[in-house]
K.L.:
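This is the structure I have questions about; it appears just below.
Below, each value reflects all heavy atoms present in this structure, side chains not excepted, and no hydrogens, waters or symmetry copies.
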Amino acid sequence: MTELVQTRGALAAARAAREGSVGVVMTMGALHAGHAELIRTAREQADHVLVTIFVNPLQFGPSEDFDQYPRTLEGDLEICRGAGVDIVFAPSAAEVYPGGEPAVRVNPGPLGEELEGASRPGFFHGVLTVVLKLINLTRPDLVFFGEKDYQQLTLVRRMVADFNLPVRVVGVPTVREADGLALSSRNRYLSAAERATALGLSAALQAGATAAKDGADAEAVLVAARSVLAAAAPDAELDYLVLTDPDLQPRPVSGPARMLVAARVGRTRLIDNMPLHLAVAG
Ligand code: PAF
């Protein structure tokens with residue numbers, strides 16, 4: 001049975017009633033198959049699964065979609081029940097931030113100013129602050145984050161290491177539609193034509209990964225990805241398409257790497273990324 005709790009007190013009681021390990025999946029709701037995969041992985045690795053549902057105002061900029069962000073608690077609970085979640089913590093903003101917006105926030109450091117952070121100032125301060133609060137409130141043994149938000153996953157890992165938080169971070173590979181589109185709660189904003197354009201992002205990453213597999217060096221991998229993006233998504237407003245090492249440090253000349261893309265399609269900002277392996281020293 002899935003227990004819904006909405007206050008810190010009820011959460012503490014529900015948490016205390018569970019013996020064994022607890023895996024936490026943090027979400028902003030609008031759950032989809034990507035979240036279901038996080039929950040499935042959590043169930044495999046922990047005795048109990050706790051899902052948090054909270055649209056965190058701290059991580060939205062003034063011109064972003066906080067008000068429009070889909071809030072679908074009933075449907076989310078249905079998914080959690082079907083997926084065998086033990087506890088859902090769905091607090092109000094006043095419950096998470098009883099003193100109003102916190103004056104003290106987690107500073108994500110230099111990586112927090114790059115890529116997503118460059119386009120969304122303050123975004124990772126907001127994300128890491130709520131993740132730290134939710135870790136303190138839910139006291140997980142393991143936390144599960146999707147690789148879809150790869151910079152978020154990287155920064156959470158960094159925060160957990162830098163602050164010696166007693167929790168293990170588990171990254172879960174991105175879930176895609178059959179045609180390659182990465183699942184995202186924001187996909188529901190896309191019209192049919194915009195969705196077709198959005199497919200260019202995963203196609204570009206796939207082209208880069210294929211080029212790397214065929215032995216292309218870093219520069220040629222980027223060229224392959226850029227040309228597919230330009231052809232498949234001419235209407236997308238590209239923010240970045242970059243190749244980095246797996247920790248998002250400057251790109252490697254060989255070995256494991258990550259390619260990341262962000263673009264605006266219509267009014268929707270989309271991100272995606274893929275792992276690849278650079279076989280040839282450039
Ligand atoms: O990835 C998300 O949905 C959010 O950034 C998170 C981790 C739940 C924090 O609000």
Side-chain angles (χ1 to χ4, degrees), residues 25-26 32-42 44-45 108 111-112 114-119 124 127 142-161 168-184 186-187 198-229 232-233 236 238-263 269-282:
V25 175
M26 296 180 190
H32 50 62
H35 298 109
E37 178 62 11
L38 291 173
I39 294 168
R40 196 193 60 73
T41 310
E44 261 173 26
Q45 299 190 24
L111 180 56
E114 291 171 27
L115 304 172
E116 287 307 285
S119 296
F124 287 117
V127 169
L142 304 116
V143 277
F144 297 81
F145 286 91
E147 289 186 355
K148 159 76 172 39
D149 297 300
Y150 194 75
Q151 192 177 3
Q152 168 174 283
L153 168 63
T154 306
L155 284 166
V156 169
R157 284 191 197 287
R158 193 62 204 254
M159 174 176 76
V160 164
R168 188 155 68 79
V169 180
V170 180
V172 178
T174 303
V175 178
R176 298 179 181 279
E177 308 252 18
D179 57 11
L181 187 71
L183 295 192
S184 161
R186 288 190 168 98
N187 287 352
L199 277 178
L201 273 66
S202 54
L205 296 173
Q206 191 53 60
T210 304
K213 215 169 169 187
D214 292 346
D217 66 10
E219 202 46 54
V221 164
L222 276 170
V223 168
R226 278 195 198 111
S227 75
V228 166
L229 188 64
L238 181 64
D239 184 351
Y240 58 77
L241 174 67
V242 295
L243 192 53
T244 71
D245 86 352
D247 296 324
L248 297 181
Q249 296 309 306
R251 84 177 187 228
V253 288
S254 64
R258 203 90 194 177
M259 186 171 244
L260 301 98
V261 65
R269 192 161 187 288
L270 296 173
I271 58 173
D272 198 356
N273 69 87
M274 258 179 217
L276 49 84
H277 194 92
L278 293 167
V280 179

K.L.:
Could you give the distance from CG (Leu276) to OG1 (Thr210), rounded to the nearest 0.5 Å?
P.N.:
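So the CG of Leu276 and the OG1 of Thr210 are separated by 9.5 Å.
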K.L.:
Partners of Arg226 by side chain to side chain donor-acceptor pair (under 3.5 Å), sequence neighbours excluded?
P.N.:
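Partners of Arg226 by the side chain to side chain donor-acceptor pair (under 3.5 Å) criterion come out as none, since no residue qualifies.
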K.L.:
State which residues pass side-chain contact (heavy atoms from CB on, under 4.5 Å) with Ala36; sequence neighbours excluded, sorted by chain then number.
P.N.:
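None.
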K.L.:
Please check this pair: side chain of Tyr150 against backbone of Pro246, looking for a donor-acceptor N/O pair closer than 3.5 Å.
P.N.:
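Side chain of Tyr150 to backbone of Pro246, a donor-acceptor pair under 3.5 Å: yes, one is there.
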K.L.:
What distance separates Asn273 CG from Ser202 OG, expressed to the nearest 0.5 Å?
P.N.:
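Between Asn273 CG and Ser202 OG, I get 11.5 Å after rounding to 0.5 Å.
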K.L.:
Taking side chain as C-beta onward, heavy atoms only, is Ile271 less than 4.5 Å from Asp239?
P.N.:
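A side-chain contact is absent here, since even the closest heavy-atom pair is not under 4.5 Å.
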K.L.:
Considering all heavy atoms of both residues, which atom of Leu241 and which atom of Leu222 are nearest to each other, and what is their separation?
P.N.:
O-CD2, 3.9 Å
K.L.:
Does any non-hydrogen side-chain atom of Val160 lie less than 4.5 Å from one of Val143?
P.N.:
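SC-SC contact between Val143 and Val160 ruled out.
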K.L.:
With a 3.5 Å distance limit and no angle check, can you tell me whether Glu116 reaches the backbone of Gln151 through a side-chain donor-acceptor pair?
P.N.:
no
K.L.:
Can you see which heavy atom on Leu243 is nearest to which on Ala257, and at what distance?
P.N.:
CD1-CB, 4.1 Å
K.L.:
Test side chain to side chain contact (heavy atoms under 4.5 Å, CB included) on Leu111 and Arg158; report intermediate values, then the result.
P.N.:
CA-CA 10 Å; Leu111 180 56; Arg158 193 62 204 254; over 6 Å; no
K.L.:
With sequence neighbours excluded, tell me which residues meet ring pair (Phe, Tyr, Trp, His ring centres under 6.0 Å) with His32.
P.N.:
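Checked His32 against ring pair (Phe, Tyr, Trp, His ring centres under 6.0 Å); matches are His35.
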K.L.:
CG of Leu153 to CG of Leu248: how many Å apart, nearest 0.5 Å?
P.N.:
9.0 Å
K.L.:
Once side-chain contact (heavy atoms from CB on, under 4.5 Å) is applied, do any residues pair with Ala42, and if so which ones, sequence neighbours excluded?
P.N.:
Val25, Val49, Phe144
K.L.:
So, do Arg176 and Asp272 sit near enough that their side-chain heavy atoms are less than 4.5 Å apart?
P.N.:
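Yes, side chains in contact.
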K.L.:
Are Leu238 and Val261 close enough that some pair of their side-chain heavy atoms sits under 4.5 Å apart?
P.N.:
yes
K.L.:
Evaluate Leu278 against Asp217 for side chain to side chain contact (heavy atoms under 4.5 Å, CB included), listing each step before the verdict.
P.N.:
CA-CA 6 Å; Leu278 293 167; Asp217 66 10; over 6 Å; no
K.L.:
With salt bridge (Lys or Arg N to Asp or Glu O under 4.0 Å) as the rule and sequence neighbours excluded, what pairs involving residues 147-156 come up?
P.N.:
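Counting only pairs at least two positions apart or across chains, the salt bridge (Lys or Arg N to Asp or Glu O under 4.0 Å) contacts touching residues 147-156 are Glu147-Arg258.
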K.L.:
Could you report the tightest heavy-atom contact between Ala182 and Thr174, atom names first, then the distance?
P.N.:
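Minimum heavy-atom separation between Ala182 and Thr174: CB-CG2, 3.8 Å.
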K.L.:
Report the distance from atom CE of Met26 to atom CG of Leu38, rounding to the nearest 0.5 Å.
P.N.:
12.0 Å
K.L.:
Kindly write out the residues that satisfy side chain to side chain donor-acceptor pair (under 3.5 Å) with Ser227, not counting sequence neighbours, or none if the list is empty.
P.N.:
none
K.L.:
Measure the CG-CG distance between Asp247 and Leu155 for me, rounded to the nearest 0.5 Å.
P.N.:
11.0 Å
K.L.:
Quick one: list whatever passes salt bridge (Lys or Arg N to Asp or Glu O under 4.0 Å) with Glu114, sequence neighbours left out.
P.N.:
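Partners of Glu114 by the salt bridge (Lys or Arg N to Asp or Glu O under 4.0 Å) criterion come out as none, since no residue qualifies.
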K.L.:
Roughly how far apart are Met274 CE and Leu260 CG, rounded to 0.5 Å?
P.N.:
11.0 Å
K.L.:
Could you pull out all residues at least two apart from Arg157 that satisfy side chain to side chain donor-acceptor pair (under 3.5 Å)?
P.N.:
none
K.L.:
Could you list the residues that satisfy side chain to side chain donor-acceptor pair (under 3.5 Å) with Asn187, not counting sequence neighbours?
P.N.:
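For Asn187, no residue satisfies side chain to side chain donor-acceptor pair (under 3.5 Å) once neighbours in sequence are set aside.
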K.L.:
Any idea which heavy atoms bring Ala225 and Met259 closest together, and the distance?
P.N.:
CB-CE, 3.7 Å
K.L.:
Could you tell me which residues satisfy side-chain contact (heavy atoms from CB on, under 4.5 Å) with Glu177, sequence neighbours excluded, listed by chain and number?
P.N.:
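Listed in chain order: Asp179, Leu181, Leu183, Arg195.
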K.L.:
Considering non-hydrogen atoms only, spot the tightest contact between Arg269 and Ala262 and give its length.
P.N.:
NH2-CB, 3.7 Å
K.L.:
So which heavy atom on Gly200 is nearest to which on Ala233, and how close?
P.N.:
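Nearest pair, atom of Gly200 first, then Ala233: CA-CB, 4.0 Å.
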K.L.:
What pairs with Ala207 under side-chain contact (heavy atoms from CB on, under 4.5 Å), at least two apart in sequence or on another chain?
P.N.:
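Ala207 satisfies side-chain contact (heavy atoms from CB on, under 4.5 Å) with Val228 once adjacent residues are dropped.
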